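Everything numeric here is computed off the predicted structure, so don't read it as measured data.
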Amino acid sequence: MFGTESSLSMFLNTLTPKFYVALTGTSSLISGLILIFEWWYFRKYGTSFIEQVSVSHLRPLLGGVDSSSPSNSNTSNGEADSNRQSVSECKVWRNPLNLFRGAEYNRYTWVTGREPLTYYDMNLSAQDHQTFFTCDSDHLRPADAIMQKAWRERNPQARISAAHEALELEECIVSSERWHDCATAYILLAEEEATTIMEAERLFKQALKAGESCYRRSQQLQHHGTQYEAQHRRDTNVLVYIKRRLAMCSRKLGRTREAVKMMRDLMKEFPLLSMFNIHENLLESLLELQNYADVQAVLAKYDDISLPKSATICYTAALLKARAVSDKFSPEAASRRGLSTAEMNAVEAIHRAVEFNPHVPKYLLEMKSLILPPEHILKRGDSEAIAYAFFHLQHWKRVEGALNLLHCTWEGTFRMIPYPLEKGHLFYPYPICTETADRELLPMFHEVSVYPKKELPFFILFTAGLCSFTAMLALLTHQFPELMGVFAKAFLSTLFAPLNFIMEKVESILPSSLWHQLTRI
């Protein structure tokens, strides 16, 4: 025992200050690398790598999973249900108010040099176009076959060239009884080649003539077989898309009443095609006209418990109720006398809207800068908040006192729902996958809004403290080698003091012969 102590003391005496500098410096370097990796992983995936590995790999080894088969089956079923729920909650929707690529998105790129659309967003649009604008019989018509390939092209110039080729091919065909103008080629040129809204409108009007001709022809033949039925479904989608985009052109060119009429007619003609969410375009146009009675009528139809909600529905309902009281609302007066019934209804509507999408208020209150909205949005996510605020901020500003009422009341929602990921109040618990999906939809230069705000994981704080502590030790050891050497020896001696005490007690209890035999073993 005393030999061990003497050898340890001799080893500590032989250590030079350079050893302590190297030891502390290496420890600081390693902990710094771990800190950098942990921070990068947290910024990219929103979780700690060490925590994730410990939960997924170490927890089962430590008995975190019950071995009984019934609970295993229940757990697997629960995980499957949660996965399905997560997928359904994070479904990406087409933005009803998406901008024109050539006339708006590309103009932004020319001015700023930044790409407003991500590859993931454009890839989703390509899938939408293939779903809406193609069918299995396109190979029978040369122009449609070219457009079927064009929608799959990644290069914008290749898509535009293919659209021109399809139109030139149509002009060369003499027999107009069998062939017709290619409406989808005009759509592609209006979306991507036109550099102004007026030019896009002109191309969409040409597409409308071709689309109506195709629709009438396929409508007569839709009952002759599944092939004709698929063609009619495709031609219906094309016609609805063209009319909707023409209405949006009228809205952007200031002909708002004309746009409202076109949208109403379209909703009457095709009432079952709710996938385009034309009512959201209609709501925005009616708000521009300040026709609040018609806005309320549209909300009465679409703000129903059986229909899917959106930020446009919830926040427009809140705006209408806030409009009734916002011009006279004063937080000081309300705190003295309490809220009236109308004010309470407005506050509850704001809380309902904020619960559905908590990212919107910061954009409406201009606490966060806006960017161009993406072509797809994630409901209850940051992308939907950007799309809503981009078009509706002006309507909130137009209502006197509405933003002031929102500013005074929106944060009260979070006191009602302290744990939004576990329990909701008026809606389902807030989905946990919105941050990841929004990072794919929104450009890199935009700072994605995260709700609820995530605290830094423990291991990032731990590695940051460890890195700082070891770096400080390395600096002190380099500056004061003799003093730090004495300190290190004293620290190690203190650290081993309890062990020495225990060993002395064991020696005093056990016979010396037995202890001699044990040390020999």
Side-chain angles (χ1 to χ4, degrees), residues 92 94-129 133 147 149-168 184-207 241-242 244-256 259 281 284 288 363 366 368-378 382-394 438-449:
V92 175
R94 183 81 176 175
N95 183 5
L97 297 168
N98 66 305
L99 306 178
F100 293 86
R101 282 196 191 177
E104 292 172 304
Y105 287 121
N106 287 349
R107 185 182 297 273
Y108 177 85
T109 303
W110 298 335
V111 174
T112 64
R114 292 175 167 180
E115 289 291 342
L117 298 176
T118 63
Y119 173 76
Y120 176 70
D121 192 15
M122 292 188 289
N123 187 51
L124 290 176
S125 297
Q127 295 176 19
D128 291 341
H129 295 151
F133 303 151
M147 289 307 302
K149 295 179 181 178
W151 294 120
R152 291 196 290 265
E153 284 285 348
R154 294 185 179 181
N155 188 347
Q157 291 302 320
R159 290 195 296 270
I160 293 173
S161 300
H164 283 293
E165 181 183 352
L167 292 177
E168 292 172 0
T184 54
Y186 287 116
I187 290 176
L188 193 148
L189 295 178
E191 291 284 354
E192 302 195 22
E193 188 181 43
T195 56
T196 63
I197 300 298
M198 294 183 66
E199 185 180 354
E201 185 182 37
R202 179 183 62 81
L203 289 168
F204 271 120
K205 287 181 178 179
Q206 292 180 272
Y241 185 89
I242 293 170
R244 173 175 159 271
R245 293 303 258 179
L246 276 173
M248 294 177 67
C249 288
S250 298
R251 167 68 184 91
K252 292 175 184 292
L253 294 173
R255 305 193 305 269
T256 310
N281 299 85
E284 196 278 328
E288 177 64 20
Y363 293 108
E366 298 181 90
K368 207 169 186 297
S369 59
L370 275 172
I371 62 171
L372 294 186
E375 293 184 336
H376 290 81
I377 59 174
L378 179 68
D382 191 30
S383 51
E384 184 191 33
I386 292 171
Y388 173 79
F390 185 85
F391 293 98
H392 289 261
L393 175 58
Q394 56 181 332
D438 278 332
R439 290 188 190 279
E440 295 289 337
L441 289 171
L442 298 172
M444 291 295 295
F445 57 81
H446 173 72
E447 183 181 354
V448 176
S449 177

Visitor: Can you pull the side-chain hydrogen bond (donor to acceptor under 3.5 Å, both in side chains) pairs that have at least one residue in residues 110-119, sequence neighbours excluded?
Guide: Tyr119-Arg154

Visitor: Could you list the residues that satisfy side chain to side chain contact (heavy atoms under 4.5 Å, CB included) with Glu193, not counting sequence neighbours?
Guide: Ile160, His164, Leu189

Visitor: List for me each residue that meets side chain to side chain donor-acceptor pair (under 3.5 Å) alongside Glu384, sequence neighbours excluded, and say none if there are none.
Guide: Asn357

Visitor: Could I get the full list of side chain to side chain contact (heavy atoms under 4.5 Å, CB included) partners for Gln206, not counting sequence neighbours?
Guide: Tyr186, Arg202, Leu203

Visitor: Could you measure the distance from the CD1 atom of Ile187 to the CD1 atom of Ile242? Nearest 0.5 Å is fine.
Guide: 4.0 Å

Visitor: Got a sec, which residues hit side chain to side chain donor-acceptor pair (under 3.5 Å) with His129, two or more places apart in sequence or on another chain?
Guide: none

Visitor: Would a 4.5 Å heavy-atom cut-off, applied to side chains only, mark Leu97 and Pro373 as touching?
Guide: no

Visitor: Strictly distance-based, threshold 3.5 Å: is any side-chain N or O of Ser383 a donor or acceptor partner for the main-chain N or O of Asp438?
Guide: no

Visitor: Looking at Arg159 and Glu153, would you say the former's side chain and the latter's main chain have a donor-acceptor pair under 3.5 Å?
Guide: yes

Visitor: Got Tyr363 and Leu393 here, is their nearest side-chain heavy-atom distance under 4.5 Å?
Guide: no

Visitor: So how far is it from Arg244 CZ to Cys249 SG, rounded to the nearest 0.5 Å?
Guide: 11.0 Å

Visitor: What I'd like to find out is whether the side chain of Glu104 reaches to under 4.5 Å of the side chain of Leu372, using heavy atoms alone.
Guide: no

Visitor: So, taking the atom named OH in Tyr105 and the one named CG in Leu99, what distance separates them when rounded to the nearest 0.5 Å?
Guide: 4.0 Å

Visitor: A side-chain contact here means heavy atoms from C-beta on lying under 4.5 Å apart; do Glu201 and Lys252 qualify?
Guide: no

Visitor: Could you check whether Arg101 pairs with Glu192 (Lys NZ or Arg NE/NH1/NH2 to Asp/Glu carboxylate O, under 4.0 Å)?
Guide: yes

Visitor: Within the structure provided, determine whether Glu447 and Ser369 are in side-chain contact (heavy-atom separation under 4.5 Å).
Guide: no

Visitor: Which residues pass the side chain to side chain contact (heavy atoms under 4.5 Å, CB included) test with Met147, not counting sequence neighbours?
Guide: Ala150, Trp151, Ala163, Ala166, Cys182, Thr184, Ala185, Leu188

Visitor: With side chains defined as the heavy atoms from C-beta onward, is the minimum distance between Arg94 and Ser125 less than 4.5 Å?
Guide: yes

Visitor: Mind checking what makes salt bridge (charged side-chain N to carboxylate O under 4.0 Å, His left out) contact with Lys368, not counting sequence neighbours?
Guide: none

Visitor: Show your working on side chain to side chain contact (heavy atoms under 4.5 Å, CB included) between Arg251 and Phe391 and close with a plain yes or no.
Guide: CA-CA 12 Å; Arg251 167 68 184 91; Phe391 293 98; over 6 Å; no

Visitor: What residues, two or more places apart in sequence or in another chain, satisfy ring pair (Phe, Tyr, Trp, His ring centres under 6.0 Å) together with His376?
Guide: none

Visitor: Could you give the distance from CG (Asn123) to CD (Glu375), rounded to the nearest 0.5 Å?
Guide: 11.5 Å

Visitor: Are the side chain of Asp382 and the backbone N or O of Val448 linked by a donor-acceptor pair below 3.5 Å?
Guide: no

Visitor: Within the 4.5 Å heavy-atom criterion, are Tyr120 and Leu124 side-chain neighbours or not?
Guide: yes

Visitor: Suppose we screen for side chain to side chain donor-acceptor pair (under 3.5 Å). Which residues come up paired with Asn95, at least two apart in sequence or across chains?
Guide: none

Visitor: Indicate the atoms forming the closest heavy-atom contact of Asp121 with Pro374, along with that distance.
Guide: OD2-CB, 3.3 Å

Visitor: For Arg107, check salt bridge (charged side-chain N to carboxylate O under 4.0 Å, His left out) against everything at least two apart and list the hits.
Guide: none

Visitor: Not counting sequence neighbours, which residues clear side chain to side chain contact (heavy atoms under 4.5 Å, CB included) with Arg152? List them please.
Guide: Gln130, Gln148, Lys149

Visitor: With Phe204, which residues qualify under ring pair (Phe, Tyr, Trp, His ring centres under 6.0 Å), at least two apart?
Guide: none

Visitor: Quick one: does Asn281's side chain have a donor or acceptor within less than 3.5 Å of a partner on Pro96's backbone?
Guide: yes

Visitor: Out of curiosity, Phe100 CZ to Thr196 OG1, how far, rounded to the nearest 0.5 Å?
Guide: 10.5 Å

Visitor: Quick check for you: to the nearest 0.5 Å, what is the distance between Ile371 atom CD1 and Leu442 atom CG?
Guide: 5.0 Å

